[in-house]
Student: 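Before anything else, here's the structure in question.
Nothing here was measured: the structure is a model prediction, and the numbers come from that model. Atoms considered below: every heavy atom in the structure, side chains included; atoms not considered: hydrogens, waters and symmetry mates.
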Amino acid sequence: MKKLTRRQFALAALLACSVLPASVMAQTPAKPKVALVMKSLANEFFLNMENGAREHQKAHASQYDLIANGIKDEQDTANQIKIVEQMIVSKVSALVIAPADSKALVPVVKKAIDAGIIVVNIDNKLDDAALKEKGISVPFVGPDNRKGAKLAGDYLGKQLHKGDKVAIIEGVSTTVNAQQRTLGFQDAMKEVGANVVTVQSGQWEIDQGNKVAAAILNAHPDIKAILAGNDNMALGAVAAIRASGKAGKVLLVGYDNINAIKPMLKDGRVLATVDQFASQQAVNGIEIALKAVTEKKSQSSLGGIVETKVSLITK
């Protein structure tokens, strides 16, 4: 076999390099990066949401990359704002956010939009007036919380009589979904003539729900039912009802259909809850965001509400 001279070898190498850029060294376009920013990952609801998103990304790995983040508790608004700011610095293509506060997150959402990031709102709706003030449009993908809460309230109402005293444990009061669920509960109670004696915030959390329920039971010993704005607060209320010696005497409904509530539905400690399909909410938001990114839509062309389903869950 004839050996190549040094000059011939150098020429062959040069020719090989001239071919590589068009074939082996061709660059593939970077995949869109989607940031999912949720509320408290201590809440099983948002863990379900994250799991659904990760399964979707796994099934569509060639289409996008996912960055999922959450905060330590439902009131950690400042940290959620910092997470969004980090996503802006990271230059994500899209942001899908379940805001901890309907108003406080609007300025940083505008900052993301100004940076060219597509933003989609899920779970808890951003405040319409705050969005208008900032001159931005953000589509909302999620359930009609008022309608969902009324489903649970109507089911409870079948076991109440006119004049019965009931209480509502609300989520974080500055969030639209907490406000809407309270309105749905009130709609149902008004229809049956029940008397809502108090509405107090349990901050979406088990411990706070427990404290609020205990205080309500102490202040209103003749109360017939408690309507909790989410299942975490319902879990706290279950413990308070038991501790007060009123198990089986005070009816209780929740909202979210987390796994921890299912044994209580089965044995009657909780009468009903509402499933708003957490994992699918995230997927719906991601798909809308990806469509906007791939079709190069502007944020201003997006908007409106994509209503997702809710279902009443009972024993």
Student: What donor-acceptor contacts under 3.5 angstrom involve side-chain atoms of residues 274-288, with partners at least two apart or in another chain?
Tutor:
unit_1	atom_1	unit_2	atom_2	d
Asp275	OD1	Phe277	N	2.8
Asp275	OD2	Asn257	ND2	2.9
Gln276	OE1	Gln281	NE2	3.0
Gln276	NE2	Asp256	OD1	2.8
Gln280	NE2	Asn284	OD1	3.0
Gln281	OE1	Asp123	N	3.0
Gln281	NE2	Gln276	O	3.3
Asn284	ND2	Gln280	O	3.3
Glu287	OE2	His56	NE2	3.1

Student: Identify the two heavy atoms, one from Val172 and one from Ala178, that lie closest to each other, and give their separation to 0.1 Å.
Tutor: O-CB, 3.2 Å
Student: Taking all atoms of both residues into account, what is the closest heavy-atom pair of Thr308 and Pro143, and its distance?
Tutor: OG1-N, 3.0 Å
Student: Please say which of Thr174, Asn124, Thr77, Thr175 ends up in a side-chain hydrogen bond (donor to acceptor under 3.5 Å, both in side chains) with Asp101.
Tutor: Thr174
Student: How long is the straight-line distance from NE2 of His220 back to CG of Asn218, given to the nearest 0.5 Å?
Tutor: 9.5 Å
Student: Go through it in stages, so that I can follow the logic: the residues are Asp128 and Val176, the test is side chain to side chain contact (heavy atoms under 4.5 Å, CB included), and I'd like the CA-CA distance, side-chain angles, deciding distance and then a yes or no.
Tutor: CA-CA 10 Å; Asp128 286 330; Val176 171; over 6 Å; no
Student: Where the side chain of Gln200 meets the backbone of Ile168, is there a donor-acceptor pair that is under 3.5 Å apart?
Tutor: no
Student: In the structure I gave you, are the side-chain heavy atoms of Asn232 and Glu205 within less than 4.5 Å of one another anywhere?
Tutor: no
Student: Tell me who clusters with Val92, hydrophobic residues only, linked when side chains sit under 4.5 Å apart either directly or through other members.
Tutor: Val37, Ile67, Ile71, Ile81, Ile83, Val84, Met87, Ile88, Leu95, Ile97, Leu105, Val106, Val108, Val109, Ile113, Ile117, Val119, Leu126, Leu131, Ile136, Val138
Student: Could you check whether any side-chain heavy atom of Lys39 comes within less than 4.5 Å of a side-chain heavy atom of Gln80, counting everything from C-beta outward?
Tutor: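 Lys39 reaches Gln80 side chain to side chain.
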Student: How long is the span from the CD atom in Gln203 to the OG atom in Ser40, to the nearest 0.5 Å?
Tutor: 12.0 Å
Student: To the nearest 0.5 Å, what is the distance between CG on Leu66 and NZ on Lys31?
Tutor: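 Atom-to-atom, Leu66:CG and Lys31:NZ are 11.0 Å apart.
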Student: Are Ile216 and Leu271 grouped together when hydrophobic residues (ILVMFWY) are joined by side-chain heavy atoms under 4.5 angstrom apart?
Tutor: no
Student: Looking only at heavy atoms, which two atoms of Leu290 and Pro32 are closest? And how far apart?
Tutor: CD2-CB, 4.2 Å
Student: Sequence neighbours left out, what passes side chain to side chain contact (heavy atoms under 4.5 Å, CB included) with Ile305? Give chain and number order.
Tutor: Lys125, Phe140
Student: Suppose we screen for side chain to side chain contact (heavy atoms under 4.5 Å, CB included). Which residues come up paired with Asp114, at least two apart in sequence or across chains?
Tutor: Lys110
Student: Would you say the side chain of Tyr64 lies within less than 4.5 Å of the side chain of Lys33, judging by non-hydrogen atoms?
Tutor: no
Student: Determine the minimum heavy-atom distance between Gly163 and Asn195, stating which atoms define it.
Tutor: O-CB, 4.1 Å
Student: If only atom types and distance count, is the side chain of Lys91 paired as donor or acceptor with the main-chain N or O of Ala115 below 3.5 Å?
Tutor: no
Student: How about Val306 and Pro139: do any of their side-chain heavy atoms sit closer than 4.5 Å?
Tutor: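 A side-chain contact is absent here, since even the closest heavy-atom pair is not under 4.5 Å.
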Student: I need the Leu41 CG to Met49 CE distance, nearest 0.5 Å.
Tutor: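 Here the rounded value is 10.5 Å.
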Student: To the closest 0.5 Å, what do you measure between OG (Ser137) and CG (Leu302)?
Tutor: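 If I round to the nearest 0.5 Å, the distance is 7.0 Å.
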Student: Answer yes or no: is there a side-chain heavy-atom contact under 4.5 Å between Leu160 and Met189?
Tutor: yes
Student: Can a donor-acceptor pair be found between the side chains of Asp231 and Thr273 at a distance below 3.5 Å?
Tutor: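 Yes - a donor-acceptor pair under 3.5 Å links their side chains.
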Student: Can you name the nearest heavy-atom pair linking Phe46 to Ala98, along with the distance?
Tutor: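 Scanning both residues, the minimum pair turns out to be CE2-CB, 4.1 Å.
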Student: Which donor-acceptor pairs under 3.5 Å do the side chains of residues 146-156 make with protein atoms, sequence neighbours left out?
Tutor:
unit_1	atom_1	unit_2	atom_2	d
Arg146	NE	Asp187	OD2	2.7
Arg146	NH2	Asp187	OD1	3.0
Arg146	NH2	Asp187	OD2	3.3
Lys147	NZ	Glu307	OE2	2.7
Lys150	NZ	Asp154	OD1	3.1
Lys150	NZ	Asp154	OD2	2.9
Lys150	NZ	Glu191	OE1	3.3
Lys150	NZ	Glu191	OE2	3.2

Student: Check side chain to side chain donor-acceptor pair (under 3.5 Å) between Glu74 and all other residues, then give those that pass, not counting sequence neighbours.
Tutor: Asn43
Student: Report yes if some heavy atom in the side chain of Lys72 is under 4.5 Å from a heavy atom in the side chain of Asn79; otherwise report no.
Tutor: no
Student: So if you build clusters from Ile, Leu, Val, Met, Phe, Trp, Tyr with side-chain heavy-atom gaps below 4.5 Å, do Trp204 and Ile169 land together?
Tutor: yes
Student: Does Asn210 reach the main-chain N or O of Ile206 with its side chain, forming a donor-acceptor pair under 3.5 Å?
Tutor: no
Student: Distance-only, no hydrogens or angles: does the Lys246 side chain make a donor-acceptor pair with backbone N or O of Ala240 under 3.5 Å?
Tutor: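 Here the side-chain-to-backbone pair does not exist.
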Student: Are any of the side-chain heavy atoms of Val192 and Asp164 separated by less than 4.5 Å?
Tutor: no
Student: For Val310 and Asp144: C-alpha separation, side-chain torsions, deciding distance, then whether side chain to side chain contact (heavy atoms under 4.5 Å, CB included) applies.
Tutor: CA-CA 8 Å; Val310 291; Asp144 183 329; over 6 Å; no
Student: Show the numbers, then the answer: is there a side chain to side chain donor-acceptor pair (under 3.5 Å) between Asn259 and Lys262?
Tutor: CA-CA 5 Å; Asn259 284 331; Lys262 291 176 181 178; 3.1 Å; yes
Student: Could you tell me if the side chain of Met233 sits less than 4.5 Å from the side chain of Glu170, heavy atoms only?
Tutor: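 Glu170 vs Met233: side chains apart.
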Student: Any chance you could measure Glu44, atom CD, to Asn230, atom CG, to the nearest 0.5 Å?
Tutor: 11.0 Å
Student: Between Ile226 and Val166, is there a shared hydrophobic cluster once you connect ILVMFWY residues whose side-chain heavy atoms come closer than 4.5 Å?
Tutor: no
Student: Checking Arg269 against Leu252 for the side chain to side chain contact (heavy atoms under 4.5 Å, CB included) test, could you report, in this order, the C-alpha distance in whole Å, the side-chain angles of both residues, the deciding distance, and whether it holds?
Tutor: CA-CA 7 Å; Arg269 284 175 288 173; Leu252 176 66; over 6 Å; no
Student: Is Leu227 reachable from Leu217 through a run of I, L, V, M, F, W or Y residues, each pair having side-chain heavy atoms under 4.5 Å apart?
Tutor: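 No, Leu217 does not connect to Leu227 through the hydrophobic network.
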Student: Checking Met264 against Leu235 for the side chain to side chain contact (heavy atoms under 4.5 Å, CB included) test, could you report, in this order, the C-alpha distance in whole Å, the side-chain angles of both residues, the deciding distance, and whether it holds?
Tutor: CA-CA 9 Å; Met264 300 180 188; Leu235 291 173; 3.5 Å; yes
Student: Should Val141 and Phe45 be counted in the same cluster of Ile, Leu, Val, Met, Phe, Trp and Tyr side chains packed under 4.5 Å apart?
Tutor: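 Yes; Phe45 is reachable from Val141 via cluster members.
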